[in-house]
Amino acid sequence: MSTMTTRYWCLFICLGVFFTEISSQNCNQLRSRLHEANLRNLILPMRNMGSTIPQQCIRDIIDFSLDSSEENLMNMINELQGENAKVAIKELLQQIDLIFKESHSELAWDENSLREFHIGLHQEIKNTRACWNTEVKRGTKSRRGQKLQFTRLRVKRYFQRLRGFLKNKEYNLCAWKIMQIQIRECFEWINHLNQRIPSE
């Protein structure tokens, strides 16, 4: 092997070690960075939805609250630990991002707020995917794998209901008010789940 080739290989290996260390440091700080990002994400819906609920939305809010699926999901989330908590956080972030890609005609957020919100979510999703290896192949028969898939499925089903509600209400103002209340709760769930993940 020539001297020049040897130098290239040494440089390549050194760069690999350097970026691996950076990645490791980022992952070690993921929980604290996730907490900070989550606080920012909580502020945006609060800032944009206003301090009061329009009178015409009260009936819709009551009807929505009669469904027990939120309570069932909350009960499950309150019991999650470790890997299952990570799976729930990853799925919550992805599903929140999907919700805010629906029709925004009545959302009443300015474009800068919406863009800031999406950028923050995408960064969180990217970081959790890179640092939390919780992927399980579909159809796995291990108890661990089935439990992780069940957690992911429960979160997805809850958000399918939310998207169905938005669609049925034709993405009107009241539907978006309710969605923002639900999304705030989801970020609070993420905070609770994040606290139950052991330090690595």
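Quick note: residue numbers are just sequence positions, from 1. Since the structure is predicted, the reported quantities are computational estimates derived from the model, not experimental observations.
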Between atom CG of D60 and atom SG of C174, what is the distance when rounded to the nearest 0.5 Å? 5.0 Å
What pair of heavy atoms forms the shortest contact from Y171 to W176, and how long is it? O-CD1, 3.4 Å
CA sep, side-chain torsions, deciding dist, call: F159, E91, side chain to side chain contact (heavy atoms under 4.5 Å, CB included): CA-CA 10 Å; F159 277 88; E91 196 61 46; over 6 Å; no
Could you state the interatomic distance from CD (Q182) to CH2 (W189), rounded to the nearest 0.5 Å? 7.0 Å
Between L162 and L166, is any pair of side-chain heavy atoms under 4.5 Å apart? no
Honestly curious: do L121 and L98 fall in one hydrophobic cluster under the side-chain, below-4.5 Å linking rule? no
With rounding to the nearest 0.5 angstrom, report the CG to SG distance, L193 to C186. 10.5 Å
Applying side chain to side chain contact (heavy atoms under 4.5 Å, CB included) to L92 and Y158, what does each step give before you reach the verdict? CA-CA 10 Å; L92 282 164; Y158 176 69; 5.8 Å; no
Checking H192 against R196 for the side chain to side chain contact (heavy atoms under 4.5 Å, CB included) test, could you report, in this order, the C-alpha distance in whole Å, the side-chain angles of both residues, the deciding distance, and whether it holds? CA-CA 7 Å; H192 293 312; R196 291 195 225 119; 4.0 Å; yes
Listed by chain and number, what are the side chain to side chain contact (heavy atoms under 4.5 Å, CB included) partners of N112, not counting sequence neighbours? D110, R115
Contacts of N191 meeting side chain to side chain contact (heavy atoms under 4.5 Å, CB included) (sequence neighbours excluded), chain-then-number -> H35, N38, L39, L42
Holding to ring-ring contact (aromatic ring centres under 6.0 Å, His included), I want the full list of residues that pass it with H122, two or more places apart in sequence or in another chain. H118
Look up atom CG in L93 and atom CG in N127, then write down how far apart they are to the nearest 0.5 Å. 10.0 Å
4.5 Å side-chain heavy-atom contact, E116 and I119: no
ring-ring contact (aromatic ring centres under 6.0 Å, His included) against F165, all qualifying residues, sequence neighbours excluded: F64
All side chain to side chain contact (heavy atoms under 4.5 Å, CB included) counterparts of N84, not counting sequence neighbours: L80, K147, L148, T151
Any heavy-atom pair between the side chains of L34 and E124 that's under 4.5 Å? yes
dist I89:CD1 -> L30:CG (nearest 0.5 Å) comes out at 8.5 Å
F100 vs I183, side chain to side chain contact (heavy atoms under 4.5 Å, CB included): CA-CA, chis, key distance, verdict: CA-CA 10 Å; F100 277 84; I183 296 307; 3.7 Å; yes
Check: Q94/R129 side-chain N/O donor and acceptor closer than 3.5 Å: yes
Set of side chain to side chain contact (heavy atoms under 4.5 Å, CB included) partners for L173, sequence neighbours left out: P54, Q56, E106, K177
In terms of side-chain heavy atoms, does Q160 have a donor or acceptor partner in R157 at a distance below 3.5 Å? no
